[in-house]
Amino acid sequence: MPPPGGLEYCGLRKVDGPLFVIEGVRDVGFAELVEITAPDGGVRLGQVLEVGRGAALVQVFSGTSGLSNTHTRVRFLGTGLQIPVSTEMLGRVFDGLGRPKDGLPPLLGEELRDVNGLPLNPCLREYPRDFIQTGITAVDLMNSLVRGQKLPIFSGNGLPHNRIAAQIARQARLLRGDLRFAIVFAAMGVKYDVARFFIDSFERSGVIGNVALFLSLADDPSVERLVTPRSALTLAEYLAFEKGMHVLVILTDMTNYCEALREIATARGEIPSRKGYPGYLYSDLASIYERAGRMEGREGSITQMPILTMPSDDISHPVPDLTGFITEGQIVLDRDMHQRGIYPPVAGLPSLSRLMKDGIGKERTRADHPHLAAQLFAAYAKVKDIRALAAVIGEEELSPLDKLYLQFGDAFERRLVTQGEEDDRSITQSLDLGWELLRMLPRGELYRLTEEELKERYDTAAKSEPT
Amino acid sequence: MNPQPDIRGRLVRINGPIVEAEGLGAAGMLDVVEVGALRLIGEVIRLLGDVATIQVYENTGGLKPGDPVFATGRPLSVELGPGLLGSIFDGIQRPLPAIAKHSGLYINRGEKTEPLDRSRAWPFQPVAALGSRLGPGRVFGTVRETPSIEHRLMIPPDWGEVEVLELAPAGDCTLAAVLGRVRDEAGSERELRMSGLWPVRRPRPAAGRLAMTRPLLTGLRVIDALFPLARGGTAAIPGGFGTGKTMTQHALAKWSEADIIVYIGCGERGNEMTEVLREFPEIIDPRTGRSLMERTVLIANTSNMPVAAREVSIYTGITIAEYYRDMGYHVAVMADSTSRWAEALRELSGRLEEMPADEGFPAYLPTRLAEFYERAGAVRTLGGAEASISVIGAVSPPGGDFSEPVTQHTSRFIRCFWALDRDLANARHYPAIGWLGSYSEYLPDIAPWWAERAPEWKPCRDALMDVLQQEVKLQRIAKLVGPDALPDSQRLILFTADLIKNAFLQQNSFDDIDMYCSPEKLTGMMQILELFHRRARELLQRGGTLAAVRELPCLEAVLRMKHAIPNPEAAKLDALRRRVDADFDELDRRVA
Ligand SMILES: Nc1ncnc2c1ncn2[C@@H]1O[C@H](COP(=O)(O)OP(=O)(O)O)[C@@H](O)[C@H]1O
Ligand SMILES: [Mg+2]
């Protein structure tokens, strides 16, 4: 809980959107936390956005409705926004500012921490390399996730991003050693059903006691969304780097977060850059996404899986675009695949895991994994070209080789990508499936694989397989 | 340094990284100030009467109106001296490992650490003679900074000619040591030291500019063969997210034929800096046989670090580069990403309530970009050596759209444009440098260098480029009618273009053999591809078929040559070339 602060002021100069201006204040610090008592006696929190020449500009996390210029009382609390953190928070539900929302008593935190955190020193980072098996072939084989990575899901309205995230949270494990993730879940502006879906899923798999939820739902004030991911990550940093836990942070929906940021920027009359979003959206998002990783000499890790819905499925929209510039890859969901009944509809080409290269291969997954994935990507890219050609000249006119590619492409989507929501495939299963598909193509096409790899896995299996 | 403890102001307004203070009328524009009790570092960027506007290089949370502001009376400067190589600094040259020692995992505010290690002793070697007169930039002594780099200690460029009165004997000295005394033109005596300060925003002078006549070999085939950079030149790598800007910059930092690398991570990921830090010490420079880290300086102002410090980071980096250039070295600077730097400018400008130009960027964006890239070049140093700085800037256009202001303005000031192509990247064709959107204006400058050493380079380049260009046109038709509807002569173009892409242009940075390509291997491979295409074309003219070409036994070896033939064994490509010739001879005989 914030400590009691100094002087109480009464009366505001101006209320505008989520912001107000108060004059005649002294000893107020930039970014200081503010306690606001509305005329009806209700207490809200806010934060100083700008201060000088006796006035302060304050944003109110729970909105300004009901505040009056004359009867609002304001106290400056002398600190930034802090939340208590402790391992006891696992199994509990909080609002965006870290206050209990589950009717249980407030926590005595082991420590109070500023939600904005501090930048992690890059020279103490440990490069993430431990492969996480999610049981989903499209991820494990083609876009592998490693422990400490920030890998978002780029989705669209109505696409099954929540089911995929829940499946990953349920199935994620390390190949060697035991990995149990503690999960920190932050909901920004999503509907209650979405939160309920995740809670049910965590309950069913018996991990709910290991999950901390920070909920700022669609009917909660939008400004609170700006704090929600920071509260969640403050706890995650504590659990990972002080308590040695491996933490999976799910942030949904980052698009709502960005909209709240845009709202404040507009209210302040800032000059927008693209689509009305403020010019500092990149830096702001980075201050969230960079709170992930592994640190030298610390046991724990933070793996981030932000979810965002791309407005009109447009990947060049500022929210997915700037996210993609910061995160370590992206899992892109494809509406067309979804409509063709493919689950999970992970788009083959635009999806990418940047940390895959160091997490797979010999002694990690399997020696053939890097080349196999590269070959599958290359072949699937060719499928896309051939499909485009077939749409123009007709499938009959294609060369026999091109026809083989089309068959490969269908198998890739129907057999390799497609799997059940409860289907938990081992990486070996996924790799073998990849080879099975490549065997549909002539050997000469597979130049991304080495001669030895082909001998071992293409030739032998081709012989043993009934034709 | 001229501290001004007497000039002391008070904060009157705080707006994120921009603050205003009263009582600083006597401070100079662009002077460094220290703000608040934590003495956060800031720089005066506007003076209006008694009020100074200051950009603060650290988070300003908790600062209050009334807090003190201290003037230092000097501009924002970097310390230049031995110990830069192998180090990692933040945007204002604070060494990150030293900060980690004080404050642990997180970077606390108000950290003050000396940029260079004061306790370390360096083996000083005097070179100037007593009584000799040395002009600015002349070397008076050396220090072996790393086994491969000799650090040359110079008379500072702003001193004028001096007479050497005293010089320390050879021996181990720390940065604190006085290495000698000189008398300047005005007759006053000055001390020589191992390190000195230089203002980051002021380019270090050189005696003159030289023509750029040599390629900066990078080890990346698509660059060295198709879009070469000159030593002392400037290049931009624009591309949407995930198209390979950082990987390309890392590859250039590893394999470029430069003496010194300054790598500026400017508003990008922390893990990428970690990767360099962990990887470079392990990689052996093929030219010196020493660890790559010994020639590298890292500036890391990652995306989550304060935005004002991001704005300075590129000046910090380029000033360090100029310092090594002045010693006579060839330096290559990588800045990833200049767009994040431009965004820092935009954010600061917005808080200053300046009138924006395109997309909210300040109107002076192009001027700043030009000033930065102007600091590249091949020069005659004040000391008389030939040296250079090549600058390679990554550009991150929103949505991958090159028509945005940073890409557009940058392209006016650089002469090499390596356009990353989303389709190539999606198809995992790396490096995804597209051959249609990219160009190099250095071709005519550096062609004579190649002509002297490997005369086949230019004709082969032209031949490969020609096939690639023709392919693009033919693909348009092929997309409508299908490739099989084209005559063999045209399908050969499609076929060779594919071969060039797969066997030559694609270069996997993770492959132990292929990650780097020596010039011998490069020209060997170019010759094979040129020969293959020429012979195939001749064969078709004689009535041979493309189907027969596809069946050639040598084809497999051509496709795999990049992985199969390590750089030191590039001579094996001669044998492969003869094999290609022989295979075609055989086909010719069958046709005849
Ligand atoms: N030359 C290359 N060789 C192999 N993989 C590459 C290469 N260039 C890019 N990649 C792949 O693309 C991913 C994104 O590249 P990166 O340079 O980080 O993109 P950007 O900086 O443009 O966002 C890398 O993680 C890697 O998987
Ligand atoms: Mg990058």
Side-chain angles (χ1 to χ4, degrees), chain A residues 27-32 50-53 80 116-128 241 270-274 279-280 282-283 286-287 290-291 293 295 298 316 318 321-322 324-326 328-330 349-350 352 354 357 370 374 377-378 381 388-389 392-393 397-399 447 450, chain B residues 12-16 20 60-66 88 96-97 99-100 105-108 240-242 265 267 269-271 273-275 277-278 300 302-305 307 340 343 346-347 350 356 359-360 396 398-401 426-428 478-482 484 502 508 510 556 559-560 563:
Chain A
D27 210 28
V28 169
F30 175 68
E32 189 172 330
E50 190 177 331
V51 56
R53 306 205 164 85
N116 290 310
L118 286 166
L120 288 162
N121 192 326
C123 79
L124 286 185
R125 281 183 184 267
E126 196 73 71
Y127 202 72
F241 303 135
E270 291 173 3
I271 300 150
S273 64
R274 274 199 312 153
Y280 48 80
Y282 174 85
S283 301
S287 73
E290 277 289 306
R291 294 171 80 173
M295 300 304 290
R298 305 291 164 122
S316 68
D321 190 50
L322 294 178
F325 272 116
I326 305 164
E328 286 148 343
Q330 64 279 337
L349 301 183
L352 168 74
R354 295 169 189 253
K357 55 188 198 295
F377 271 121
L389 179 64
V392 180
I393 64 169
E397 298 295 315
L398 293 177
S399 70
Y447 56 86
T450 65
Chain B
V12 291
R13 179 168 174 234
I14 302 111
N15 178 10
E20 283 172 16
T60 52
L63 286 182
K64 295 175 177 176
I88 175 165
L96 289 170
I99 291 185
L105 292 192
Y106 302 95
I107 303 179
N108 285 330
F241 64 80
R269 300 179 186 84
N271 273 337
M273 298 313 289
T274 313
E275 196 179 1
L277 263 181
R278 304 263 178 268
T302 55
S303 55
N304 55 340
M305 287 159 75
V307 64
R340 305 304 166 215
E343 283 165 16
R346 173 168 70 186
E347 179 172 347
E359 296 194 16
S396 316
D401 173 6
N426 278 355
R428 272 54 175 178
K479 283 207 171 104
L480 294 177
V481 298
D484 292 343
N502 293 326
N508 187 343
F510 307 126
E556 167 99 12
L559 266 170
R560 293 188 188 277
H563 298 127

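Letters A, B, ... are given to chains in the order of the sequence lines, protein chains preceding strands, and every chain is numbered from 1. Atoms considered below: every heavy atom in the structure, side chains included; atoms not considered: hydrogens, waters and symmetry mates. Computed from a prediction, not measured in an experiment: that's the story for all the values here.
Looking at A/Gln330, only its side chain comes within 4.5 Å of chain B, counting heavy atoms on both sides. Looking at B/Val481, the atoms closer than 4.5 Å to chain A (heavy atoms on both sides) all sit in the backbone: N, CA, C or O. If you measure heavy-atom distances from A/Glu270 to chain B, you find no contacts under 4.5 Å at all. Contact of A/Val28 with chain B is made through the backbone alone, with heavy-atom distances under 4.5 Å. For a residue to count as touching a neighbouring chain, one of its non-hydrogen atoms must lie under 4.5 Å from one of that chain's; by this rule A/Arg298 touches chain B with the side chain only. Using a 4.5 Å cut-off between heavy atoms, A/Leu124 touches chain B through backbone and side chain atoms alike. When heavy atoms are compared at a cutoff of 4.5 Å, B/Ile88 approaches chain A solely by way of its side chain, counted from C-beta outward. Heavy-atom distances place both the backbone and the side chain of A/Tyr447 under 4.5 Å from chain B. With a 4.5 Å cut-off on non-hydrogen atoms, B/Glu359 touches chain A through its backbone and its side chain both. Residue A/Arg274 touches chain B through its side chain alone, counting heavy-atom pairs closer than 4.5 Å.
When the candidates A/Phe30, A/Tyr280, A/Phe377 are compared by the number of heavy-atom contacts under 4.5 Å with chain B, A/Phe30 comes out ahead. When A/Glu328, A/Lys357, A/Glu126 are compared by the number of non-hydrogen pairs under 4.5 Å with chain B, A/Lys357 comes out ahead. For chain B, the option among A/Thr450, A/Asp27, A/Ile271 with the highest count of heavy-atom pairs below 4.5 Å is A/Asp27. The candidate from B/Ser396, B/Ala300, B/Pro97, B/Ala427 with the greatest count of non-hydrogen atom pairs under 4.5 Å with chain A is B/Ser396. Of the listed residues (A/Ser283, A/Pro119, A/Gly80, A/Ala31), the one with the most heavy-atom contacts under 4.5 Å to chain B is A/Pro119. Your options are B/Asn502, B/Leu277, B/Asp484, and the one with the most heavy-atom pairs under 4.5 Å with chain A is B/Asn502. Counting heavy-atom pairs closer than 4.5 Å to chain B, the top residue among A/Pro128, A/Ala388, A/Gly117 is A/Pro128. Considering only heavy-atom pairs separated by less than 4.5 Å from chain A, the leading option among B/Ile99, B/Asn108, B/Thr274, B/Asp401 is B/Thr274. Heavy-atom pairs under 4.5 Å with chain A were tallied for B/Thr302, B/Leu480, B/Leu559; the largest tally goes to B/Leu480. Most heavy-atom pairs under 4.5 Å with chain A, from the set B/Gly360, B/Pro356, B/Gly350: that is B/Pro356.
For B/Gly399 against A/Ser316, the heavy-atom pair with the smallest separation is CA-CB, 3.9 Å. Residue B/Ala478 comes nearest to A/Leu389 through the heavy atom pair O-CD1, 3.3 Å, listed as atom of the first residue, atom of the second, then distance. Nearest heavy-atom pair across A/Pro350 and B/Asn426 is CA-OD1, 3.9 Å. Minimum interatomic distance between A/Gly279 and B/Arg346 (heavy atoms only, all atoms of both residues): O-NH2, 3.4 Å. Nearest approach of B/Gly482 to A/Ile393, heavy atoms of both residues: N-CG2, 3.7 Å. Taking every heavy atom of both residues into account, A/Phe325 and B/Arg340 meet most closely at CG-NH2, 3.0 Å.
Distance alone, capped at 3.5 Å, is enough to place a donor-acceptor pair between the A/Asn121 side chain and the B/Leu96 backbone.
Side-chain contact check for B/Ile107 versus A/Pro122: some heavy-atom pair is nearer than 4.5 Å. Using a 4.5 Å heavy-atom cutoff, the side chains of A/Arg53 and B/Glu20 are in contact. A/Leu120 places a side-chain heavy atom less than 4.5 Å from the side chain of B/Tyr106. Counting heavy atoms from C-beta on, the side chains of A/Glu32 and B/Lys64 come closer than 4.5 Å. Between B/Arg428 and A/Leu352 the shortest side-chain heavy-atom distance falls below 4.5 Å. At a threshold of 4.5 Å between non-hydrogen side-chain atoms, the residues A/Phe241 and B/Leu105 count as touching.
Stacking of B/Arg278 on the aromatic ring of A/Tyr127 is not recorded, the 6.0 Å distance cut-off and the 45° axial limit not both being met.
Expressed to the nearest 0.5 Å, how far CZ of A/Arg125 lies from CG of B/Asn271 amounts to 5.0 Å.
At a threshold of 4.0 Å, the pair A/Arg354-B/Glu275 does not count as salt-bridged, since none of the basic side-chain nitrogens sits closer than that to a carboxylate oxygen.
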